[in-house]
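Data block below; observations after.
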Amino acid sequence: MAEAAENQGTPTAPVRRWLRGTAVVLLTTGPLIGGLLPIPAATAATSQDATTALQAGSQAHAAGASRSRQPSAAQAPGRTGTGSQTAGISISTLSPATPEKGDTLSVTGTVTNNGREPITDGRIGLRIGQGAKSRSALEQNAGRKEYLPGADGREVSGKDATTKVGSMRPGIRRTFKLKLPVSALKMRSAGVYQLGVTLTGQTRQRPYDQILGIERSFLPWQSSDSENKTGLTYLWPLISSSHLTAKTNSDEVQTPVFRNDDLAKELAPGGRLQQLVTLGKDLPITWMIDPDLLASVDAMTENYEVQKKNGRTVPGKGQAYAKQWLMDLQGAVKGEEVATLPFADPDLASLAHRGRSVPGALSNLGPATERAEETTASILHTKPSTDYAWPVDGAVDPGIVDVATSAGAHNVIARSDSLRDTALSYTPTSARPIGGGNTALVADARLSRIFDGDLTEPGATSKAVQRFLGETQALTSQVPNKQRNVLVAPQRMPTADQAQAMALALSSLQKDGRWAEGSDLSEAAKAKPDPGANRRVPGSRQYPASLRKQELPTEAYKQVQSTNRVVGDFKQILTRDDRVDTPFGSAVERGESTSWRGDAKGAANYRDEVRGYLVGLTKKVSLIQKSPITLSGRSATIPVTVQNNLVQGVDGLELRLKSRRRIGLDVGEAQPVKVDGGHSQSVKFSTTAKANGRAFVEAQLYTKDGKPYGKSMVFQVNVTSITSTVLLVIAGGVLLVVLAGVRMYTTRKRNGGSSPDEGGEGEAVEEPDTDGPEDGTEADDRAGDGTGEGVGEKDGDEAGEDATAQPVPSGGPVEDAEQGGNDTGHGSGSASGPGEKVDR
């Protein structure tokens, strides 16, 4: 507008520009001049908040006025921290976490210059806000990042309330420690006070005291015990991913094979599971255990193998860790309440949304629950409760509730961000009936999520602990005259750092908390429901899409059911089915575990490996392929061999033969099969045939309930009712008859008596006979078709004497014919001795 006015020749434009420039200079230099003037000490502390607010406003105006001359904070290249975030502050410890009168508060931490310029004259101080009694106020304060005058409270005065950190170049980190009496904080009434740790200092561009960094925490304050303490039920989960495979060695003890040796790392000192047991043994908690973890650790206490990528296995090295962990856990749960999930922690939501349509999928929950109780009781020597179902993140809908309670559980652990209480201004008791005799135990979502995330970052643990304590104190203060029971269901598999933070919070609450006390899960389930609490289970459309994407697919449940059927059939034929039932039954249940969420490929590979290994074992009981066979006669015996390459014996099978062609071939009745391990058995079938021909016979093994077992075997059978020896004798007899006719013809010609016309023919016929050696050649040519060489005329004489020659041993007719040939050279027409041998 100024430029437009100037172009139009308005005489007042230069004056207005001069006034604006003077105002900008005054706003910019005012704080600097004020900073040079001495301020009375008495008024410095009381007016500091107002001065800081004025400084913040002056900085904003100055920055806006000088935007054309200096780059803004967002435009400054390489700058990572500006304003009240120039320095990063983390609170390492805040002790005591729940202070009382007369205590000394100790605060330690670190401060880092994240800006581009050096910080000079830095000092760490404390600010205390107003005591909050609402959880929404805590949520609002926790979400604020920038320093906000007034909302972040007053600076605590006193000699020990501040400490100098001096000058800090960019990237430099310094530690600090503040130690002062709690009375210096001047917390008058009960509530959750916001405690701020601030860095006050100067920079080159802003050479005056300003807030360059702030970190907030919460300090619950209550001088006396609450009249109605909140009953706090905290689930302490001992859950892990699936480690065991279905494979075992063939030795007597069935040495187990693990997917890897990661479980040993979790059990080792400092490991996740080791920390959970060590920290949880003295806390007011309820143990929530997956029995599959117990079974896996128990298997590690003896020799075990670890599977490698190349398929080979190597000995595992975690036996000592496993034994110590189980011993520690047995001592920790002694006399305490233990609740168990169904074996392998099945994904209830996936089963409800994807598996329900698969026939038989729901039937797995019952055996998983029974296996859970048996496993826990045998390993921990305590009777667990199986009356609780825990869907992922406590998200429920009607289908999930139906599935969760189908195996006998009557209590479903939900969460308040799923079963919302919008009509109430306070947090109600967790238990509430949802129909059908079932109870929803609604865990508080905010308390349950506090220890999520990466707690290895500096100050993260202390911040989470103080937030948890502050939330529980504010929860109790909502309705002081009403006693409530609240459930906390943290993440399923907390890390070691998260476990340490949870333990620190619970131990502080147990030792110093005056507003909450520990309560068992069974007490929470029996608590009187709040009449105003929401009891309506949300619809399936309200189930979080992010959780639905992680569910197991329908194909997974189809594969699981198919594997179950193979296991059932395989068990029927074994003499020791326990060697298959335990490893494969557990492996099938592990394939449905909640731990596979987010790892669809790993879950599919695991299921494929289990099924592939199982099918490979079933193929070790098989039929040996037969080559084509010939039945010499109308009845015979057919042997079929069954081979068993398993270590144990098989029984309960029967072998059946079936002829595929109707030639009247009766293959006999089914035969029972019983084969010792590593052996084979020949099963014989008595067969009869009504006609000759070729037939294909199918051999198939069947289980006791009539189901086919393994692949069938087909072989060829040739049926001949006359033996080969008989056929040779008959063929020889026919040949002898032919030769006899030839001999009679030649003899008649030699004896003469024909007419002249016939004599012409006779001369034509007799010409070859005059050659002597050629005699008989023509007869040989006529009778030799298909009979071979060396067959003499003597055979014809013998056949003429007895055309009903009886069968002789194979090869006999050929040898006798050769012997008779020597005699026929003399032209004798009588049968000789060798011909009689043929008859016999």
Please determine, by modelled atom types, if [X] and [Y] share a side-chain donor-acceptor pair under 3.5 angstrom.
X    : Y    : value
R173 : T112 : yes
S546 : Q550 : no
T301 : Q319 : no
T456 : D454 : yes

T376 and T340: CA distance, side-chain angles, deciding distance, side chain to side chain donor-acceptor pair (under 3.5 Å) verdict: CA-CA 8 Å; T376 306; T340 64; 4.7 Å; no

Please say which of [options] ends up in a side chain to side chain contact (heavy atoms under 4.5 Å, CB included) with [X].
X    : options                : result
W236 : L276, V277, I289, T286 : L276
V488 : L232, T233, L235       : L232
L273 : L293, L329, V297       : L293

Could you tell me if the side chain of [Y] sits less than 4.5 Å from the side chain of [X], heavy atoms only?
X    : Y    : value
M502 : P494 : yes
R484 : Y426 : yes
L487 : L521 : yes
R135 : T427 : yes
L126 : E155 : no
L341 : M288 : yes
K177 : S106 : yes
L509 : T98  : no

Aromatic W390 / basic R492 pairing, under 6.0 angstrom, 45° off normal: yes

What's the shortest heavy-atom distance between [X] and [Y], and which atoms?
X    : Y    : result
A525 : N411 : CB-OD1, 3.8 Å
A332 : W287 : CB-CZ2, 3.8 Å
A344 : S593 : O-OG, 2.9 Å
L469 : S508 : CD1-CB, 4.1 Å

Greater than 12 external heavy atoms within 6.0 Å of Q130's CD: no

Flag if over 12 foreign heavy atoms under 6.0 Å of CZ, F176: yes

Check against side chain to side chain contact (heavy atoms under 4.5 Å, CB included), V182 and T104: CA-CA 5 Å; V182 172; T104 298; 6.0 Å; no

Derivation of the side chain to side chain donor-acceptor pair (under 3.5 Å) call for E373 and T369: CA-CA 6 Å; E373 186 173 6; T369 302; over 6 Å; no

Worked check of side chain to side chain donor-acceptor pair (under 3.5 Å) between D152 and Q194: CA-CA 8 Å; D152 282 316; Q194 177 184 289; 2.9 Å; yes

Ion pair check, R415 and D444, cut-off under 4.0 Å: no

Mutual orientation of the aromatic rings belonging to F468 and Y234 [parallel < 30°, tilted 30-60°, perpendicular > 60°]: perpendicular

W515 side chain vs S477 backbone, donor-acceptor pair below 3.5 Å: no

Verdict with supporting geometry, D421 and N534, side chain to side chain donor-acceptor pair (under 3.5 Å): CA-CA 5 Å; D421 293 290; N534 179 23; 5.2 Å; no

